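One structure is given here, and the rest of the page talks about it.
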Amino acid sequence: MLFQLQFSERLPTIMEELSELLLQRRRKVDALWEAGINPYPNDFKPQHTSADVRDAYGAVEVIEENPQTFVVAGRILMRRSFGKAAFVQMQDRKGRIQLYLKKDVLGDDLFAEFEDYDLGDIVGAVGTPFRTKTGELSLAVTEIRLLTKALLPLPEKFHGLTDVETRYRQRYVDLIVSPEVREVFFKRSRIVSLIREFMTNRDFLEVETPMMQQIPGGATAKPFITHHNALDMDLYLRIAPELYLKRLVVGGLDRVFEINRNFRNEGISVRHNPEFTMMEFYQAYATFEDLMNFTEELLCHVAQEVLGTLDFSYGGQPISFQRPWQRFTVKEAILHYGDIDAKSLEDRDLAYAYAQRLGLELPEDVGYGRLITEIFEEVAETKLIQPTFITNYPTEVSPLSRKNDHDPDYVDRFEFFCAGREMANAFSELNDPRDQKERFLAQVAAKAKGDEEAHYMDEDYIRALEYGLPPTAGEGIGIDRLVMLLTDSPSIRDVILFPQLRKEAK
RNA sequence: GAGCCGCUAGCUCAGUCGGUAGAGCACCUGACUUUUAAUCAGGUGGUCGUUGGUUCGAUCCCAACGCGGCUCACCA
């Protein structure tokens with residue numbers, strides 16, 4: 001086995017057109033094999049991380065004579081050599097630690113081997129902590145070993161990797177050299193964990209529902225289509241889990257949540273990736289008003305834990321999560337941020353004329369509900385910098401929401417905005433199967449008229465409602481956008497490890 | 001899908017009013033046993049995104065295309 005591996009590794013390199021720089025590294029690997037050294041061993045077990053060293057000695061000013069020995073492993077990022085000694089900066093999953101190597105400690109042979117290491121190589125080292133003249137905590141290395149040879153050189157140490165295309169395509173390089181990028185994804189993981197913990201503590205059950213659906217439902221969006229060969233059936237990648245989660249509430253799982261991907265076949269922008277992560281949750285016997293309070297509690301908890309404060313900034317704008325958060329109805333927001341009086345806004349034709357002045361291109365027979373929703377999005381959405389709940393959405397644009405008891409033209413729904421973006425959408429659920437069927441039929445009619453994003457009829461969902469969905473409120477929170485907000489990231493691509501790009505140009 | 005901007009060494013960037021390119025880092029050689037973007041001396045490294053066009057000559061001017069960024073449209 002070892003022989004085969006060495007044999008294959010030592011086959012003459014196919015003469016690709018490689019620069020001298022790249023050929024040098026390959027020759028080093030050949031030389032290692034020839035010297036009987038495996039450049040890719042897998043028998044070194046690190047017992048500590050850089051954080052263990054910091055935790056144990058970071059606060060110790062004067063380190064005693066016989067400190068603890070640490071066994072660490074990581075990637076070499078920097079080296080400063082002095083002939084018979086060298087400083088090396090090594091990075092592992094917890095951060096960076098400086099290693100100090102001396103020829104008289106390592107011996108001539110091992111030191112010579114070390115001198116052939118390159119930036120980017122992965123090494124294992126044994127050493128004891130000490131402080132350098134300048135006070136930096138370092139490990140005085142007694143043993144070091146090459147664990148993985150790197151064939152490609154790392155980006156420059158000072159400017160790092162700034163080419164955004166390379167950062168997204170080769171995220172592995174970005175993560176190696178950009179501590180602030182690592183930090184964003186550590187925070188993302190922490191945010192998701194906190195949400196999961198918060199939900200679980202409130203007795204919500206985490207579930208997973210189909211990503212591949214025969215009828216894409218639960219949102220107004222264009223789906224991706226795929227095909228199952230054995231069933232010879234087209235399937236849609238889900239645009240939302242909503243209808244499945246509510247089926248579970250029918251089934252008696254009356255507090256459920258799911259954190260997972262949705263897929264929407266739409267444009268890509270700093271706010272949109274074709275696949276994105278949502279948390280959706282449903283709570284029986286709750287109303288959309290309960291969920292406003294719930295949302296405040298959840299997001300304040302997450303912000304406090306992740307940032308240590310409720311006051312932070314996004315893109316240079318101060319944001320305060322201090323409660324209570326402001327609340328407007330759709331119409332109040334239009335009147336507040338737009339340039340139309342209350343009486344005119346109530347008049348469909350005058351409102352339509354206003355929409356035209358705003359440059360909105362709407363069909364002449366557009367319904368009043370959709371009309372004022374479009375006006376709201378145009379005049380108010382980007383101005384909602386501080387956390388804001390918007391309520392009183394028209395029934396026309398809310399085919400899955402419960403009608404308001406006092407005004408059936410509006411539904412018991414809110415959307416949550418912050419930093420000028422929609423972050424969440426929630427409503428008391430429509431659980432009257434006959435009403436739901438009529439709403440679906442209206443959507444089907446709209447689809448027949450060419451509305452690509454109108455909902456499909458879902459007969460099984462109606463059947464589920466006929467068994468009885470308890471009074472329920474549900475909400476979806478955009479995780480990527482929340483992470484953007486809490487990490488001050490200008491683009492959704494900065495919070496998604498592998499954002500969608502076109503195929504790489506040759 | 002449209003508009004604008006960008007693409008030069010492994011990385012970060014200069015540059016050529018058209019005469020086939022430079023720097024810093026990295027790498028190689030040498031000096032150096034406490035550095036912090038270590039320092040000092042010398043050196044290697046490029047089909048200037050791709051394909052055409054104009055021209056005696058194109059990395060530079062023009063066109064198309066590719067990829068990326070931003071804005072707009074669609075949307076969460």
Side-chain angles (χ1 to χ4, degrees), chain A residues 17-25 27-28 76-89 96 98-106 111 115-120 130-138 140 150-170 173-174 176-178 218-222 239-240 262-280 359-361 374 377 381 415-417 421-425 452-453 476-482 484 490-494 499 501-506:
Chain A
E17 300 218 358
L18 292 175
S19 69
E20 189 55 34
L21 191 66
L22 303 183
L23 283 173
Q24 278 170 5
R25 295 271 185 122
R27 288 194 202 104
K28 278 190 183 180
I76 296 177
L77 294 185
M78 278 199 220
R79 178 170 54 185
R80 291 179 277 273
S81 287
F82 292 82
K84 296 189 182 67
F87 292 94
V88 161
Q89 199 166 63
R96 298 178 179 179
Q98 180 167 270
L99 308 180
Y100 182 54
L101 301 96
K102 289 203 284 189
K103 192 172 192 172
D104 58 7
V105 172
L106 293 180
F111 195 79
E115 286 187 301
D116 259 346
Y117 293 175
D118 290 297
L119 302 191
F130 74 106
R131 284 206 182 272
T132 65
K133 266 183 192 166
T134 52
E136 178 159 349
L137 181 63
S138 308
L151 291 179
L152 294 174
L154 291 176
E156 194 218 353
K157 62 189 173 191
F158 187 56
H159 299 91
L161 187 60
T162 63
D163 181 87
V164 286
E165 181 174 358
T166 310
R167 288 188 42 228
Y168 297 149
R169 286 193 197 282
Q170 300 181 45
V173 180
D174 197 24
I176 290 167
V177 300
S178 312
T220 303
K222 279 174 241 160
I239 55 177
N262 289 341
F263 306 86
R264 298 191 185 172
N265 203 342
E266 286 153 1
I268 294 175
S269 77
V270 290
R271 275 163 255 111
H272 301 87
N273 193 62
E275 53 182 307
F276 63 101
T277 302
M278 288 264 288
M279 175 176 75
E280 275 201 24
L360 296 174
E361 287 176 28
E374 297 271 353
E377 286 172 3
E381 183 162 345
E415 287 197 0
F416 170 63
F417 294 85
R421 290 174 191 155
E422 184 187 341
M423 310 286 296
N425 179 22
E452 278 186 85
E453 297 181 353
I477 298 176
I479 299 298
D480 312 277
R481 289 186 180 178
L482 178 62
M484 286 170 71
S491 170
I492 198 169
R493 295 182 200 98
D494 297 326
L501 300 175
R502 290 176 201 273
K503 72 180 179 199
E504 195 170 350
K506 283 293 169 191

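Residue numbers begin at 1 in each chain, while the letters A, B, ... track the order of the sequences. Keep in mind it's a predicted model, so treat the numbers as computed, not measured.
- If you measure from atom NZ of Lys102(A) to atom C1' of U33(B), you get 7 Å, rounded to the nearest angstrom.
- For the P atom pair drawn from A2(B) and G15(B), the interatomic distance equals 32 Å after rounding to whole Å.
- For C27(B) and G19(B), the P atoms lie 35 Å apart once the distance is rounded to whole Å.
- Within the 4.5 Å cutoff, no side-chain heavy atoms of Lys157(A) are placed close to those of Leu77(A).
- Every ring pair (Phe, Tyr, Trp, His ring centres under 6.0 Å) that Tyr117(A) has, sequence neighbours left out, goes to Phe114(A).
- Comparing the C1' positions of A14(B) and A23(B) gives an interatomic distance of 7 Å, to the nearest angstrom.
- Base engagement by Arg481(A) is indicated by at least one non-hydrogen atom pair under 4.0 Å involving a base atom.
- In this structure, Leu482(A) and Met423(A) have side chains that are in contact, with non-hydrogen atoms separated by less than 4.5 Å.
- Across all strands shown, Met278(A) has no heavy atoms under 4.0 Å from either base or sugar-phosphate atoms.
- Among the atoms of the strands shown, only primed sugar atoms or phosphate atoms (P, OP1, OP2) are found under 4.0 Å from some heavy atom of Gly160(A).
- Candidate nucleotides A37(B), C74(B), G68(B) were compared by shortest atom distance to the side chain of Glu165(A), and G68(B) ranks first.
- Nearest heavy-atom pair across Lys84(A) and Phe111(A) is C-CZ, 3.7 Å.
- Nucleotides U54(B) and C62(B) are separated by 16 Å at their P atoms, to the nearest Å.
- Looking at heavy-atom distances under 4.0 Å, Glu422(A) makes contact with sugar-phosphate atoms alone, never a base.
- The phosphate of C70(B) (OP1 or OP2) has a side-chain N or O of Arg493(A) nearer than 4.0 angstrom.
- Shortest non-hydrogen contact noted between Tyr100(A) and Ala85(A) is OH-CB, 3.7 Å.
- Atom name P, nucleotides G18(B) and U59(B): the rounded distance is 14 Å, in whole Å.
- The separation between Leu101(A) atom CG and C32(B) atom C1' is 16 Å, rounded to whole Å.
- Judged purely by atom type and a 3.5 angstrom limit, Asn262(A) has no side-chain atom pairing as donor or acceptor with the backbone of Phe276(A).
- Take the nearest nucleotide of RNA chain B for Asp104(A) and for Arg80(A): the residue whose nucleotide is more 5' is Asp104(A).
- Side-chain contact between Val270(A) and Met484(A): absent, with no pair of heavy atoms (C-beta onward) separated by less than 4.5 Å.
- The strand RNA chain B forms stems, runs of 3 or more Watson-Crick or G-U wobble pairs with distances below 3.5 Å, at B:1-7 with B:66-72, B:10-13 with B:22-25, B:27-31 with B:39-43, B:49-53 with B:61-65.
- For Thr162(A), counting side-chain heavy atoms from C-beta on, the closest listed nucleotide (U35(B), U33(B), U12(B)) is U12(B).
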Which atom pairs link the protein and nucleotides 26-30 of chain B when you take only N or O atoms and keep those under 3.5 Å?
{"residue": "A26(B)", "atom": "OP1", "partner": "Lys157(A)", "partner atom": "NZ", "Å": "2.8"}
{"residue": "C27(B)", "atom": "O2'", "partner": "Gln24(A)", "partner atom": "OE1", "Å": "2.0"}
{"residue": "C27(B)", "atom": "O2'", "partner": "Gln24(A)", "partner atom": "NE2", "Å": "3.4"}
{"residue": "C28(B)", "atom": "OP1", "partner": "Lys28(A)", "partner atom": "NZ", "Å": "2.8"}

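- Atom CD of Glu115(A) is surrounded by more than 12 heavy atoms from other residues, nucleotides or ligands within 6.0 Å.
- Taking for each of Glu453(A) and Lys503(A) the nucleotide of RNA chain B with the nearest heavy atom, the 5'-most of the two is the partner of Lys503(A).
- If you take atom C1' in C48(B) and the same atom in G10(B), they sit 16 Å apart, rounded to whole Å.
- Rounded to whole Å, the separation between the C1' atoms of G52(B) and C13(B) comes to 29 Å.
- Candidate nucleotides G68(B), A76(B), U34(B) were compared by shortest atom distance to the side chain of Tyr100(A), and U34(B) ranks first.
- If you check every strand for non-hydrogen atoms under 4.0 Å, Tyr168(A) touches sugar and phosphate atoms only.
- Judged by distance alone, with hydrogens and angles left aside, Thr132(A) brings a side-chain donor or acceptor within reach of the base of U35(B), the pair sitting under 3.5 Å.
- Residues Asp494(A) and Tyr168(A) meet the side-chain proximity criterion, which asks for heavy atoms closer than 4.5 Å.
- Residue side chain Phe276(A) meets the stacking definition with respect to A76(B): its ring centre sits within less than 5.5 angstrom of the base's six-membered ring centre, and the planes differ by less than 30 degrees.
- The side chain of Leu161(A) lies closest to U12(B), out of C32(B), U71(B), U12(B).
- Here Phe82(A) does not count as stacked on U33(B), because the ring centres are not under 5.5 angstrom apart with planes under 30°.
- Here the closest non-hydrogen pair linking Gln98(A) and Ser138(A) is NE2-OG, 3.0 Å.
- Note on Thr166(A): nothing from the nucleic acid sits closer than 4.0 angstrom, heavy atoms only.
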Check nucleotides 1-4 of chain B for protein N or O atoms closer than 3.5 Å to its own N or O atoms and list the pairs.
none

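- Val177(A) comes within 4.0 angstrom of nothing in the nucleic acid, heavy atoms only.
- For Lys84(A) and U34(B), the NZ to P distance is 11 Å, given to the nearest whole Å.
- Among the atoms of the strands shown, none is found under 4.0 Å from any heavy atom of Gly478(A).
- A donor-acceptor contact shorter than 3.5 Å is absent between the side chain of Arg79(A) and the backbone of Leu119(A).
- Listed by chain and residue number, Ala221(A), Lys222(A), Arg264(A), Glu453(A) satisfy the side-chain contact (heavy atoms from CB on, under 4.5 Å) test with Glu266(A) (two or more places apart in sequence, or in another chain).
- Counting to the nearest Å, the C1' atom of C25(B) and the CG atom of Leu152(A) are 17 Å from each other.
- Counting non-hydrogen atoms under 4.0 angstrom, Asn265(A) reaches nothing in the nucleic acid.
- Annotation: side chain of Leu22(A) is in contact with side chain of Pro153(A) (closest heavy-atom distance under 4.5 Å).
- Rounded to the nearest Å, the gap between the P atom of G46(B) and that of A9(B) is 11 Å.
- In this structure Arg80(A) satisfies the salt bridge (charged side-chain N to carboxylate O under 4.0 Å, His left out) test with no other residue, sequence neighbours excluded.
- What separates NZ of Lys222(A) from P of A73(B) is a distance of 14 Å, to the nearest Å.
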